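All of these numbers come straight from a predicted model, not from anything done at the bench. Heavy-atom basis, side chains included; hydrogens, waters and symmetry copies ignored.
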Amino acid sequence: MGFTSALSLYSLSHPKVSAGAAHSHSHPLKHRLQSEANPLTVRRRCLRFRSVVVKAAAASGRGRRVYSQSQPPLINAPVKQVASFIVPAGVFVAVTFVLWKLVEKLLMPKPARSSLSAAENKSPEKGMKWSFAPGTNLLSGFTAKVDRESKQKLNEFAKQLRAFRGVDMSGCNFGDEGLFFLAESLAYNQILEEVSFAANGITAEGTKAFDRVLQSNISLKTLNISGNPIGDEGAKILCEILVDNAGIEKLQLNSADLGDEGAKAIADLLKKSSTLRVVELNNNMIDYSGFTSLAGALLENNAVRSIYLNGNYGGALGANALAKGLEGNKSLRELHLQGNSIGDEGVRALMSGLSSTKAKLTHLDIGNNSISAKGAFHVAEYVKKSKSLFWLNMYMNDIGDEGAEKIADALKQNRSIAIIDLGGNNIHAKGISEIAQVLKDNTVITTLEIGYNPFGPDGMKVLSEILKFHGNVKALKLGWCQIGAKGSEYIADTLKYNNTISILDLRGNGLRDEGAVCLARSLKVVNEVLTELDLGFNEIRDDGAFAIAQALKANEDVKITSLNLGNNFLTKFGQSALTDARDHVYEMNEKEVNIVF
């Protein structure tokens with residue numbers, strides 16, 4: 001309105017301008033394009049229109065200004081023109097964005113999260129098999145595959161049970177269901193003599209699988225169910241089944257979670273069985289009460305030959321109970337009680353029972369039982385009287401030099417013990433010297449284990465001097481005795497003359513290269529008997545390896561078949577030298593030497 005009035009006033013005095021304005025109105029599209037094409041022109045035109053309005057007002061002579069009404073449209077004109085460009089562009093961008101999102105939603109695949117949510121909302125029974133055991137949260141298709149493979153394995157085991165005399169299925173983890181599946185094959189095979197189901201996750205429920213199977217199978221002699229958590233309940237079920245079995249001679253229930261009730265069930269079985277010869281109950285939880293039950297069975301049973309009770313909780317009271325049972329037993333040959341903390345008092349009672357029994361015990365294991373020199377005295381008294389004991393294990397006690405002296409005195413009178421283990425008893429040079437003196441007149445001892453005793457080079461010197469020309473020791477075990485390079489000189493000198501030692505263990509003695517070189521000199525000399533040499537953990541480097549390699553090459557009649565140099569400091573050069581020596585020995589003599597680096 002204001003713009004039209006001003007323009008009319010101006011046109012009265014300036015017809016050209018009016019014609020120009022009218023001309024521009026007659027071509028609005030052209031005028032807009034020109035204005036949009038040149039913003040600077042628009043700006044100048046706005047300023048010119050403002051001056052025109054002022055002049056027209058003045059020319060009218062009214063004395064008031066009218067540009068205040070016409071000014072806003074003049075200012076908004078460029079804004080409207082700019083907006084006319086921006087608004088359509090913004091609408092275009094918005095519509096494009098909406099269309100793009102719509103197309104993306106329709107054509108793009110669903111994100112992984114949606115499938116995961118569906119899997120999470122699905123019932124576990126329908127889609128997956130859930131378990132806390134690792135590896136069992138499997139898709140149903142894969143589970144079916146595993147089941148097929150398990151059945152195939154079980155079928156293979158079943159074929160073995162039907163065909164072979166001895167089958168070892170330990171560690172297959174087929175559980176109770178697998179055992180029930182295999183039981184039929186066990187009943188079918190009438191030539192099977194030995195089977196091991198150890199470490200298969202069998203529980204008390206699984207032992208029921210043997211029902212009516214072991215009664216019909218009289219060929220099976222050895223049944224091993226060790227490492228299965230059958231517990232006392234499983235032991236009861238099994239023993240009730242075995243009461244009617246006339247074939248089983250060896251029953252192994254080591255690490256089976258047995259307690260006193262389980263031991264009682266075994267004891268009741270022993271009272272009734274006339275065929276069971278060996279019972280292994282190692283590493284269970286049998287206490288004094290269980291030992292008492294087994295002792296009662298020994299009074300009535302005259303068929304069992306070996307009882308293994310290592311790693312239980314018998315203590316002194318349990319040993320005392322067993323001693324009473326042994327007094328009336330005539331059949332027992334082996335008694336294994338390692339790791340029962342029986343102590344000096346327990347060993348006193350036990351030796352008393354063994355001295356009174358009519359059973360001819362051949363193997364006695366009382367290692368790791370906190371026996372001191374006082375307890376060694378009671379053992380020595382029994383050793384003096386025994387004429388049947390062949391193997392004595394006192395490993396990892398604490399008899400010291402005093403106890404070693406007592407055992408040595410007993411060994412001078414004993415002529416039955418061939419294998420003795422006194423390792424880890426804190427015996428020093430004095431005690432070893434007493435043991436060495438025994439060998440002057442004793443030719444019965446063939447295996448002497450005195451490792452883990454700190455008798456050092458001084459003890460080694462005395463022992464080596466006697467072993468040069470005395471004794472009949474075939475296996476000499478001296479690991480971790482602190483003999484050092486000096487001690488290796490003594491034993492190396494012994495090897496030049498000794499003709500009985502075939503197995504020599506010198507592990508962990510700090511021999512180093514000097515000790516290895518000393519031994520290499522002896523290996524160059526013809527030794528007709530030494531076949532196994534263990535030099536592991538001795539800080540031997542390449543120089544020592546080179547010396548040993550040269551000794552093997554130089555001795556054409558070398559008898560060594562096993563050489564252990566593991567856990568030393570050999571580089572590839574020392575290893576290569578030993579490998580060449582091994583190959584040389586084979587090429588020259590066609591003898592295999594097993595060398596461990």
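Of the inter-residue distances, the one linking D260 atom CG with S293 atom OG reads 7.0 Å to the nearest 0.5 angstrom. Here the OG atom belonging to S331 is positioned 8.0 Å from the CZ atom belonging to R277, to the nearest 0.5 angstrom. We find the CD1-CG distance between I307 and L332 to be 5.5 Å, quoted to the nearest 0.5 Å. Distance CG/D211 to CD1/I237: 9.5 Å, rounded to 0.5 Å. Taking CG from N442 and CG from L411, the interatomic distance works out to 7.0 Å, rounded to the nearest 0.5 Å. Within the model, atoms OG of S356 and NZ of K385 stand 8.0 Å from one another, a figure rounded to the nearest 0.5 Å.
Considering all non-hydrogen atoms of both residues, A303 and R305 come closest at O-NH1, 2.8 Å. Taking both residues in full, the closest heavy atoms of A349 and A323 are given as O-CB, 3.2 Å, listed atom of the first, atom of the second, then distance. Minimum interatomic distance between L463 and A436 (heavy atoms only, all atoms of both residues): CD1-CB, 3.8 Å. Counting all heavy atoms, side chain and backbone alike, I445 lies closest to I417 at CG1-O, 3.5 Å.
Counting only heavy atoms from C-beta outward, the side chains of I225 and L223 approach each other to under 4.5 Å.
In this structure, the side chain to side chain contact (heavy atoms under 4.5 Å, CB included) partners of E528, at least two apart in sequence or on a different chain, are V526, K559. Listed by chain and residue number, R507 satisfy the salt bridge (charged side-chain N to carboxylate O under 4.0 Å, His left out) test with D534 (two or more places apart in sequence, or in another chain). For F181, the ring pair (Phe, Tyr, Trp, His ring centres under 6.0 Å) criterion is met by no residue, not counting sequence neighbours. Applying the salt bridge (charged side-chain N to carboxylate O under 4.0 Å, His left out) test to E240 and every residue at least two apart in sequence or in another chain returns nothing. Applying the ring pair (Phe, Tyr, Trp, His ring centres under 6.0 Å) criterion to F377, with sequence neighbours excluded, gives no partner residue. Residues passing the side chain to side chain donor-acceptor pair (under 3.5 Å) test with S416, sequence neighbours excluded: N414. Partners of F537 by ring pair (Phe, Tyr, Trp, His ring centres under 6.0 Å), not counting sequence neighbours, listed by chain and number: W480. For K250, the salt bridge (charged side-chain N to carboxylate O under 4.0 Å, His left out) test picks out E280, with sequence neighbours left out. In this structure E532 satisfies the salt bridge (charged side-chain N to carboxylate O under 4.0 Å, His left out) test with no other residue, sequence neighbours excluded.
Checking side-chain atoms of N498 against main-chain N and O of L495 turns up no donor-acceptor pair under 3.5 Å. Between the side chain of N329 and the main chain of A297, no donor-acceptor pair closer than 3.5 Å is present. For N200 (side chain) and I202 (main-chain N/O), no donor-acceptor pair under 3.5 Å exists by modelled atom type. Between the side chain of N594 and the main chain of S562, no donor-acceptor pair closer than 3.5 Å is present. Judged purely by atom type and a 3.5 angstrom limit, N254 has no side-chain atom pairing as donor or acceptor with the backbone of Q252. Listed for the S255 side chain is no donor-acceptor partner under 3.5 Å among the backbone atoms of S226. Using a distance-only test at 3.5 Å, with no hydrogens or angles considered, no donor-acceptor pair links the side chain of T357 to the main chain of G353. Under a 3.5 Å cut-off, the side chain of N509 and the backbone N or O of I483 do form a donor-acceptor pair. Checked by atom type and distance alone, the side chain of N369 pairs as donor or acceptor with a backbone atom of S341 at under 3.5 Å. One N or O on the side chain of N228 and one on the backbone of F197 form a donor-acceptor pair closer than 3.5 Å.
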### Audit row: S372, D344, side chain to side chain donor-acceptor pair (under 3.5 Å) steps and yes/no
CA-CA 7 Å; S372 68; D344 292 336; 2.5 Å; yes

### Query
Would I230 and L253 satisfy side-chain contact (heavy atoms from CB on, under 4.5 Å), going step by step from the backbone distance to the final call?
CA-CA 9 Å; I230 66 171; L253 293 173; 3.9 Å; yes

### Message
Test side-chain contact (heavy atoms from CB on, under 4.5 Å) on I450 and I427; report intermediate values, then the result.
### Response
CA-CA 9 Å; I450 49 177; I427 302 173; 5.8 Å; no

### Task
Just do the salt bridge (Lys or Arg N to Asp or Glu O under 4.0 Å) check on K324 and E327 with the steps written out, would you?
CA-CA 5 Å; K324 294 178 180 178; E327 291 178 0; over 6 Å; no

### Task
For side-chain contact (heavy atoms from CB on, under 4.5 Å), just list the numbers for L519 and I491, CA-CA rounded to whole Å, side-chain angles, deciding distance to a tenth of an Å, and then say yes or no.
CA-CA 8 Å; L519 290 169; I491 190 64; 4.1 Å; yes

### Query
Which is it for Q338 and H336 under the side chain to side chain donor-acceptor pair (under 3.5 Å) test, yes or no, and what are the steps along the way?
CA-CA 6 Å; Q338 184 177 153; H336 299 262; over 6 Å; no

### Message
Please evaluate residues F174 and F180 with respect to the criterion side-chain contact (heavy atoms from CB on, under 4.5 Å), reporting the C-alpha separation (whole Å), side-chain torsions for both, the decisive distance (0.1 Å), and the verdict.
### Response
CA-CA 10 Å; F174 47 68; F180 275 100; over 6 Å; no

### Query
Run the side chain to side chain donor-acceptor pair (under 3.5 Å) check on K474 and N472 step by step: do they pass?
CA-CA 6 Å; K474 293 178 171 56; N472 189 32; 3.1 Å; yes

### Message
Run the salt bridge (Lys or Arg N to Asp or Glu O under 4.0 Å) test on K384 and E381 for me, step by step, so that the C-alpha distance in whole Å, both residues' side-chain angles and the decisive distance to 0.1 Å come before the verdict.
### Response
CA-CA 5 Å; K384 290 177 183 178; E381 292 301 307; 3.3 Å; yes

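Legend: side-chain hydrogen bond (donor to acceptor under 3.5 Å, both in side chains) pairs involving residues 168-182, not counting sequence neighbours, sorted by first then second residue: D168-S170, D176-T203. Sorted by first then second residue, the side-chain hydrogen bond (donor to acceptor under 3.5 Å, both in side chains) pairs that include residues 391-405, not counting sequence neighbours, are D365-N393, E402-K406. Listed by first then second residue, pairs satisfying salt bridge (charged side-chain N to carboxylate O under 4.0 Å, His left out) with a partner in residues 184-196 read R165-E193, not counting sequence neighbours.
No more than 12 heavy atoms of other residues, nucleotides or ligands lie within 6.0 Å of CD1 in I218, so this atom counts as exposed by the packing criterion. Counting non-hydrogen atoms of other residues, nucleotides and ligands closer than 6.0 Å to CZ of F597 gives a total above 12. Within 6.0 Å of atom NZ in K591, more than 12 heavy atoms from other residues, nucleotides or ligands are found, so the atom counts as buried in its surroundings. A 6.0 Å sphere centred on NZ of K221 holds more than 12 heavy atoms belonging to other residues, nucleotides or ligands. Within 6.0 Å of the NZ atom in K412, the count of heavy atoms belonging to other residues, nucleotides or ligands exceeds 12.
Salt bridge status for K264 with D268: present, with a side-chain N to carboxylate O gap under 4.0 Å.
Just one of I420, D421, I399 meets the side chain to side chain contact (heavy atoms under 4.5 Å, CB included) condition when paired with M394; it is I399.
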